[in-house]
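As C-alpha cells, the structure follows; a few thoughts come after it.
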Amino acid sequence: MNIASVSFSYLRARPLGTLLNVLLLALGVATIILLLLATDQFEERMQRDARGIDLVVGAKGSPLQIILSAIYHLDVPTGNIAYKQAQEIARHRLVKKVIPLALGDSYRSFRIVGTTQDYVAHYGAKVGAGRLWDKPLEAVLGAEVAARTGHGLGATFSGAHGLGDRTGDAHEGHPYVVVGILERTGTVLDRLVLTSHQSVWAVHAEHHDIKDVADIEKQMKDEEKEFTALLVQYASPLAAAILPRYINNNSDMQAAVPAYETARLFTIVGVGVDVLRGFALVLMLSAGLSVFIALYNALNDRRYDLAIMRTLGATRGRLLLLLLCEGLLLAAMGAVLGLVLGHGLTEVLGRALQAAQQVEVTGWAWVPAELWVVALALGVGVLAALLPAWRAYRTDIAGTLARG
Amino acid sequence: MALFAVHKLHHSYDGQKVLAVDAWQAAQGEHWLLLGPSGSGKTTLLHALAGILRPAGGSIVVAEQDLAALSPSALDHFRGRHIGIVLQRLHLIPSLSVIDNLLLAQYLAGLPQDRQRVEEVLAGLDLGEKARAQPHELSFGQAQRVAVARAVVNRPRLLLADEPTSNLDDARCLQVLELLQAQAQACNATLVIATHDQRIKTRVARQFELGAAA
C-alpha cells in the first residue's frame with residue numbers, strides 16, 4: 001500500500017471517467033506525435049531529394065510546379081525546353097554541373113525519367129543487380145518500382161503517356177528492357193524508372209519519322225531534341241545572384257530555386273499543420289479541464305475518505321501528494337496510450353500514403369521532441385490536480401468528521 | 001502513571017464555548033465512558049484527545065507527550081502510531097479491499113506493512129474470509145468489525161470510539177461494546193467511548209460526565 005496504489009485504486013473505482021480522461025489526453029498526445037513524425041519525415045525527405053540541386057530550369061510556368069515535377073516527380077512538367085538552350089546553360093561559366101531530365105511517360109504510374117548516369121551518381125545510388133543503361137531503351141528500376149512491379153532483370157515493359165493513373169496510350173512499339181535494379185536509397189529515385197534521355201526521344205521518335213533508335217542521337221536534328229528540365233549545380237555562390245535572373249530575363253525558360261520553393265511549400269503546408277497542432281493543444285487543454293473537473297468533483301465525494309486518512313496518521317502533505325499522484329497517473333496513462341496511438345496512426349497513414357506512392361512516412365521512428373509532448377501531458381495532469389490537491393491539503397478534518 | 005491527562009481544557013467555536021474540562025486522567029488499560037447530553041462537547045473532547053483538533057486552551061498529555069508541543073505533521077504521526085479511532089460512521093475507503101484498508105492504516109502510520117498482523121486481527125474478528133472483499137460487499141456488522149480492526153491494527157495505546165452504538169438494536173449494541181472492550185484489552189489500550197446511549201451505562205464502571213458547557 002502506498003500513495004500511488006491508493007491513487008490508482010480511486011482511478012480504478014470509476015473506470016468510465018478514467019477512460020474518458022485518459023482517452024482525451026491520449027488523443028491530444030497522439031495528434032501532436034503524428035504531426036511531429038509526419039512533418040519531420042516529410043521535411044527530411046523533401047530536403048534529401050533536393051540536396052545538392054541549386055537550381056532547376058524548365059519551361060516557363062510556375063516555379064513551384066517545376067520543382068514538384070523535376071525534383072519530386074509529383075506534378076506534371078510545365079513543358080519542354082530546347083536542346084540548344086540547354087547546351088548554353090550547361091556551358092555557362094557559373095554552372096558546374098547539369099543533369100538533364102526528359103520526362104513525359106510513366107509505367108504503372110511510376111515515372112520514366114530519361115537522364116544521364118550523373119543523376120544516379122547525384123543521389124549516391126548503388127546498383128543492386130545488373131548494371132546501368134548504356135543503350136537506348138535499356139531501363140534501370142528504382143527499388144520501390146522493382147518491388148511493386150515484380151520485374152527482374154530482363155523483363156520488358158512499355159511506357160505510357162502521362163503520369164499517375166491518367167496515363168494515355170502505351171508506346172507498344174518501343175518496349176524497354178530492364179538491365180539493372182537500384183538499391184533502396186530513401187530518395188525519390190526509389191519510385192522512378194531510369195533510362196537514358198535518348199530512350200525517351202526514341203520512344204517518341206515516330207513524331208520525327210525515325211525508325212532505327214540505336215543511333216538516334218545522330219539521326220535527330222538538334223532542333224528536334226528537347227529536355228523537360230535541367231538540374232543545375234552552381235560553380236560559385238555568385239551564380240545564385242546572377243543565373244536565375246539571367247535565365248528568366250533572357251530566355252523563354254523558367255529558373256526555379258528549390259530551397260526557396262520548398263520553403264514556400266512548407267509555409268503552405270505549415271498553415272494546415274499549425275491548425276492541426278492548435279486542435280491538438282485544444283484537445284490537451286480540454287483533457288486537462290476534464291481531469292480537473294473529475295478530481296474536483298471526486299473531492300466532494302471523498303472528503304470523508306480524506307478525513308479518515310488523516311485520523312489514520314496521514315499528514316496534509318500526504319493528501320496533497322495523493323491528489324497530485326492521481327493527476328499524474330492519468331496523464332502518464334494518457335501519454336503512453338497517446339504515444340502508442342500516435343506512432344500507430346503514423347504507420348497507418350504511412351502505409352496509406354505508400355499505396356498512393358507519395359511520400360514515405362513510418363511510425364517506427366521517433367523524434368526527440370516527443371519527450372516534450374510527454375512532459376507537456378504530465379504537466380497538464382499535475383496542473384489539473386493542483387487546485388483539488390490544495391483543497392485536500394486544506395481539509396478541516398474535525399469539521400468534516402463532526403458533520404459526518 | 002496516567003496514559004492521558006487533560007487539564008483546564010476549553011474550546012470554543014465562533015466565540016461560543018463548547019467544551020470545558022477541569023481535569024480528567026486515565027491509566028493504561030482502563031475503560032471509560034465519556035457521557036453527557038448532546039452539545040456537551042463529547043465529540044470535541046474526543047477529537048482533542050486524538051489530536052484532530054487543537055483546543056483553544058488547556059493541556060492534553062497522551063503517553064507522556066504534550067500534544068500542543070507537536071508540530072502538525074508530528075501530531076499526525078503520533079496519532080497514526082498511538083491512537084485508534086472508531087467513528088459512528090463506519091467509513092472504509094471504498095476503493096480498497098478490506099485487507100488494503102488495514103494495510104493503509106499501517107502505511108499511513110509510518111509502520112511497516114505487516115500482512116501477518118493484518119490477517120491475525122481480521123481472523124480475531126472473524127473476518128478472515130472477508131479479507132479480499134470490497135467494503136460495499138460487507139454487511140453492516142462486518143463493516144463495523146473491519147472499522148474496529150482498522151483502529152486496533154497498529155496496537156494503539158489509546159482507543160477512542162465516538163457513539164459506536166447509537167443506531168444499533170439492543171443485541172448488537174452489547175456485541176459492539178464487548179467487541180471494543182475485548183480488542184482494547186487485547187492490546188492493553190485505554191478505551192474511551194463517547195456515548196449518550198443509556199443501554200451501556202451500567203456496563204462500564206469508569207465514567208466521565210461532561211456537563212453543559214459553562
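Everything numeric in this text was worked out from a predicted model, so none of it was measured. Here is how names work: the chains are called A, B, and so on, in the same order as the sequence lines, proteins then strands, and each is numbered from 1.
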Under 4.5 Å from any heavy atom of chain B, what part of [X] do you find: side chain, backbone, both or neither?
{"X": "A/D396", "value": "neither"}
{"X": "A/I3", "value": "both"}
{"X": "A/R14", "value": "neither"}
{"X": "A/I308", "value": "side chain"}
{"X": "A/R316", "value": "backbone"}

Where does [X] contact chain A at under 4.5 Å (heavy atoms): side chain, backbone, both or neither?
{"X": "B/H77", "answer": "both"}
{"X": "B/I85", "answer": "side chain"}
{"X": "B/L87", "answer": "side chain"}
{"X": "B/A50", "answer": "neither"}

Quick one: of A/A13, A/G317, A/A314, who has the most non-hydrogen atom pairs under 4.5 Å with chain B? A/A314
Can any side-chain N or O of [X] pair as donor or acceptor with the backbone N or O of [Y] at less than 3.5 Å?
{"X": "A/E326", "Y": "A/A385", "value": "no"}
{"X": "A/T18", "Y": "A/L11", "value": "yes"}
{"X": "A/R184", "Y": "A/D190", "value": "no"}
{"X": "B/H7", "Y": "B/G58", "value": "no"}
{"X": "B/R199", "Y": "B/T165", "value": "yes"}

Flag the pair B/Q106 / B/N154 as yes when at least one side-chain heavy-atom distance between them is below 4.5 Å, and no otherwise. yes
Does either side chain, that of B/S95 or that of A/S9, offer a donor lying less than 3.5 Å from an acceptor on the other one? yes
